[in-house]
Amino acid sequence: MQRGWLEFRFPQSEFRNLLMPRYNPATIEPKWQAYWDEHRTFESPRLPSGEKIYVLDMFPYPSGNGLHVGHPEGYTATDIVCRAARMQGKSVVHPMGFDSFGLPAEEHAIKTGEHPRIQTEQNIDTFRRQLKMLGFSYDWSRELATTDVAYFRWTQWIFLQLFDTWFDDQQQKGRPISELPIPDDVAAAGDDAVQEFRDEHRLAYQSDAPVNWCPALGTVLANEEVINGKSERGDHPVERRALRQWMLRITAYASRLEDDLEPLDWSESIKALQRNWIGRSTGAEVDFYLASEESSAQDWQSARTKSGFPRKPGDNVLRVYTTRPDTLFGATYMVIAPEHPFVERLTTPDNTAAVTTYCDQAAAKSDLDRTELAKEKTGVFTGSYATNPVSGEPIPIWVADYVLISYGTGAIMAVPAHDERDFEFAKQFNIPIKCVIQPGRHATQGEAEKILAGNQVYTEPGTAINSGKYNGLSTNDFKEKITESLAASGLAKKATNYKLRDWLFSRQRFWGEPFPILHELDDAGEKTGRVQAVDAADLPVDLPHLEDFKPHGRPEPPLDKAPDEWLYPVIDGVRYKRETNTMPQWAGSCWYYLRFLDPKNSEALVDPEVEKAWMPIDLYVGGAEHAVLHLLYARFWHKVLFDRGVVSTPEPFQKLVNQGMILGENNEKMSKSRGNVINPDDVVNEYGADSLRLYEMFMGPLEQTKPWNTEGVNGVYGFLNRVWRMILDENAEQISINPALCDEAPTDEQNRILHKTIKAVTDDIAKMSFNTAIARMMEFTNFFTKQDRRPRSAMEQILLLVAPFAPHFAEELWQALGHNESLAYEAWPTYDESLLVEDEIEIPVQIKGKVRAKITVPADADQAKMEELARADSRIAELIKDKEIIKTIVVPGKMVSFVVK
RNA sequence: GGCCGAGUGGCGGAAUUGGCAGACGCUCUGGACUUAAAAUCCAGUGGGAGGGAACUCCCGUGCGGGUUCGAGUCCCGCCUCGGCUACCA
């Protein structure tokens with residue numbers, strides 16, 4: 001490698017840090033990084049002037065392994081966009097920080113007793129060094145880490161907002177809890193009842209939820225620490241245990257989270273992923289009367305017609321949710337989830353044993369067993385019947401774990417003829433299958449026969465049969481008519497459901513944000529059930545000092561080990577216990593983009609003036625692994641903050657781009673175990689940061705998954721060397737300009753190449769098509785390297801185009817050409833459309849669609865002229881000599897085509 | 001099973017509204033320079049045929065059909081691979 005040679009040649013040269021005849025990234029990269037730091041080149045102002053652009057990278061979790069080659073991919077892309085935008089005169093804010101809470105640091109702390117903050121900060125130092133080494137134009141004065149106390153003070157503040165907000169369904173908006181209307185009966189029941197009513201409506205509320213309790217390790221595990229029901233460490237059994245936890249009512253925002261996706265500039269596939277996750281479905285809730293001795297189904301129905309559909313079903317009905325009310329006549333059984341509150345009541349004495357056993361088994365099963373591993377449907381009959389509201393027929397009620405308590409009403413009407421799961425279940429238990437839809441064009445004749453006979457399931461729309469007065473209706477009309485009719489009789493109501501569940505927001509961990517919540521204690525030291533928010537003025541609630549981080553052997557969070565002075569504050573004579581759960585890692589990343597705008601503000605999480613000026617984010621780039629959760633959670637918080645007047649936009653991320661994964665050289669995912677991990681440090685040592693950046697952009701489209709190839713790095717390194725030699729004379733002992741450079745005006749051809757390149761690179765950067773932009777610059781270089789006279793102006797222009805991609809390299813050459821200042825804010829080259837036009841162009845001539853000749857025509861030739869020149873070509877003339885020309889197609893500037901017989 | 005994405009030379013990939021398939025780079029081959037190597041520079045590089053050459057022809061963008069003067073691109077039906085998701089009624 002020539003760098004070794006150079007250092008050998010001038011080991012103590014005083015020119016070491018000045019220009020070198022040969023391209024040596026090892027000296028020029030640190031030089032320009034220091035220059036940018038010193039001159040604060042990339043610090044952005046508090047407020048933008050002129051057009052603003054906020055470009056954000058998904059900040060990394062600072063793992064102990066350091067930067068991965070996947071990180072610089074997205075980071076280089078945004079850096080190019082930012083550097084070009086600055087040169088185009090835009091106000092750019094481009095910050096970086098660290099998502100630094102996380103399990104590995106806590107595990108390290110448990111092992112060593114060292115505070116997780118120590119290792120976290122070491123890791124951050126490594127990441128910062130590596131990011132700086134790659135020459136990204138971040139405004140480092142805005143750096144933050146989610147573990148900074150001054151940062152998580154505001155994470156806690158946002159939690160207080162969530163705690164203080166209820167969702168007004170009517171207005172579809174989060175409002176202060178003080179504005180929650182209190183029903184008269186609740187108000188009459190006293191202060192405790194009012195408080196309880198409020199607590200039930202807050203966006204942050206408490207609920208019992210299962211955790212992964214591992215008795216052998218004496219600790220609660222995160223889902224990712226549990227593999228196949230065993231602990232990842234030690235392979236010990238893990239059990240599910242209910243624990244009081246904090247939930248966030250994201251489901252209240254489900255509808256807005258879905259609706260507001262539409263106008264965003266995100267890929268349709270990511271939008272689809274989010275929509276899928278939210279999982280909106282529309283249908284109806286229908287009440288089935290439960291047979292009893294006191295009154296007949298008719299009496300009940302006429303009572304319902306008067307009273308209407310009640311908000312909460314009584315004990316005498318089973319409420320189900322269905323998206324297919326049109327199949328009501330085909331319901332041959334019903335299913336309730338094993339956890340359904342009616343299980344006991346509906347089980348007749350002779351079925352008690354079987355039902356109890358079944359429910360106990362279901363409770364013991366993990367989610368995995370209940371879904372993935374369950375190859376066959378299971379269930380038991382309760383012995384009870386409900387009444388079909390349209391036919392009046394009795395329908396048997398079963399308990400089965402394929403119905404989930406957490407979705408809809410936890411009970412379904414089963415229509416085996418038109419639902420795959422119900423069909424499977426009915427087959428298993430010999431339950432009648434009644435076809436109520438005449439299959440439409442989705443089924444063949446043969447299939448239709450089987451469907452009508454109940455031997456095949458049909459889930460597509462069709463025409464109603466066996467459905468009384470509804471016969472003949474199309475599925476869609478039927479749905480509407482029957483819902484209306486049942487609603488009029490008080491038997492049903494239109495309903496919408498979401499797959500999205502409320503967000504389980506607490507973790508039984510030390511290394512996370514403490515909740516700013518106090519539990520009131522009575523004289524005996526027991527919790528009264530009253531919960532109090534820490535006053536915003538008293539934030540932050542810092543983590544307590546712990547002697548060690550070892551598990552204490554109980555399912556309660558590790559903060560239960562905290563010293564009393566932290567754990568039991570006394571306020572106004574009342575003793576409290578602090579909340580000891582901590583927030584999940586998602587919390588800090590939900591709003592970091594806001595703090596970047598005003599990272600030092602101690603009065604507010606962001607100054608409204610600043611927020612208004614910079615938001616929303618114009619470009620957000622990161623991995624697709626965060627396409628669902630992070631983006632959904634952040635959007636949810638943002639909407640709450642919007643409703644509460646903290647931010648001015650309903651959506652935070654206007655444009656989103658997901659970079660593709662970089663695979664190892666063997667086309668497999670990079671991993672230590674596969675031994676195919678590429679370390680960015682090594683690449684920088686060998687080729688320099690500019691080559692790494694350039695290569696990652698040249699590999700292929702940003703969003704595509706693509707394999708690493710070290711030879712390719714060598715390829716772009718060669719390109720940089722060619723540009724270097726195009727401009728400098730590397731054979732000289734001292735810096736000197738390549739003798740081919742001149743101060744003449746470019747020739748027409750040179751100008752055409754230059755302006756074509758400027759146009760292509762400008763357009764490609766706007767499209768984030770970086771690989772083709774680089775190809776165009778390579779073509780420029782291939783052309784100009786062959787030119788004996790290279791106008792200096794053209795050389796300067798190409799450097800400005802190269803600068804966003806290989807910034808250190810471009811700065812160095814820019815300086816060599818006699819400029820004293822950084823090119824970071826030099827005006828971006830512009831192109832002249834008129835110079836792109838060529839006088840003559842080569843076009844194909846086709847006969848019967850096949851290219852038979854290429855001719856050169858004036859660029860502005862009209863159709864007649866083009867045809868004339870095509871016919872004049874000797875080869876074409878030969879081929880069409882004896883033929884009859886049926887048709888001639890001439891596309892000006894493109895081609896001529898003859899259709900002959 | 002469902003949703004999404006992708007199949008183009010030895011490899012990564014290019015290709016405006018349908019208009020010269022394979023830009024650019026890597027690899028490989030040959031040549032120049034060198035004592036030699038590296039580096040650099042020059043030439044070639046989808047497959048096949050016409051004995052080599054210019055030249056000409058045929059085939060070729062996962063497979064099978066279709067629309068069109070003309071299809072990598074549009075339509076219909078499949079196959080393979082990758083990602084996400086998983087009994088959501």
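Here B/G9 is in the syn range [glycosidic angle within 90° of 0].
When the side-chain nitrogen and oxygen atoms of A/Arg852 are compared with OP1 and OP2 of B/C57, one or more of them lie within a distance under 4.0 Å.
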Below 3.5 Å between N/O atoms, which protein atoms pair up with nucleotides 29-34 of chain B? Just atom names and distances, please.
none

Where do N or O atoms of nucleotides 70-77 of chain B meet protein N or O atoms at under 3.5 Å, pair by pair?
none

Shorter than 3.5 Å, N or O on both sides, protein versus nucleotides 10-15 of chain B: list them out with atom names.
{"residue": "B/G12", "atom": "O2'", "partner": "A/Met699", "partner atom": "O", "Å": "2.6"}
{"residue": "B/G13", "atom": "OP1", "partner": "A/Gln704", "partner atom": "NE2", "Å": "2.8"}
{"residue": "B/A14", "atom": "OP1", "partner": "A/Asn771", "partner atom": "ND2", "Å": "3.1"}

Which pairs, protein N/O on one side and nucleotides 41-47 of chain B N/O on the other, fall under 3.5 Å?
{"residue": "B/C41", "atom": "OP1", "partner": "A/Arg725", "partner atom": "NH2", "Å": "3.4"}

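Ring to ring, A/Phe770 and A/Phe698 are not that close: their centroids are 6.0 angstrom or more apart.
The environment of CD in A/Gln787 is crowded: more than 12 heavy-atom neighbours from other residues, nucleotides or ligands sit within 6.0 Å.
Remark: A/Glu779 engages A/Arg776 in a salt bridge (charged side-chain N to carboxylate O under 4.0 Å, His left out) (not counting sequence neighbours).
Stems are defined here as 3 or more consecutive Watson-Crick or G-U wobble pairs with pairing distances under 3.5 Å; those involving RNA chain B are B:1-7 with B:79-85, B:10-12 with B:24-26, B:28-32 with B:40-44, B:46-50 with B:55-59, B:62-66 with B:74-78.
Aromatic ring orientation, A/Tyr321 versus A/Tyr407: perpendicular (interplanar angle above 60°, classes split at 30° and 60°). A perpendicular orientation is assigned to the rings of A/Trp398 and A/Phe425, their planes being inclined by more than 60° (bins at 30° and 60°).
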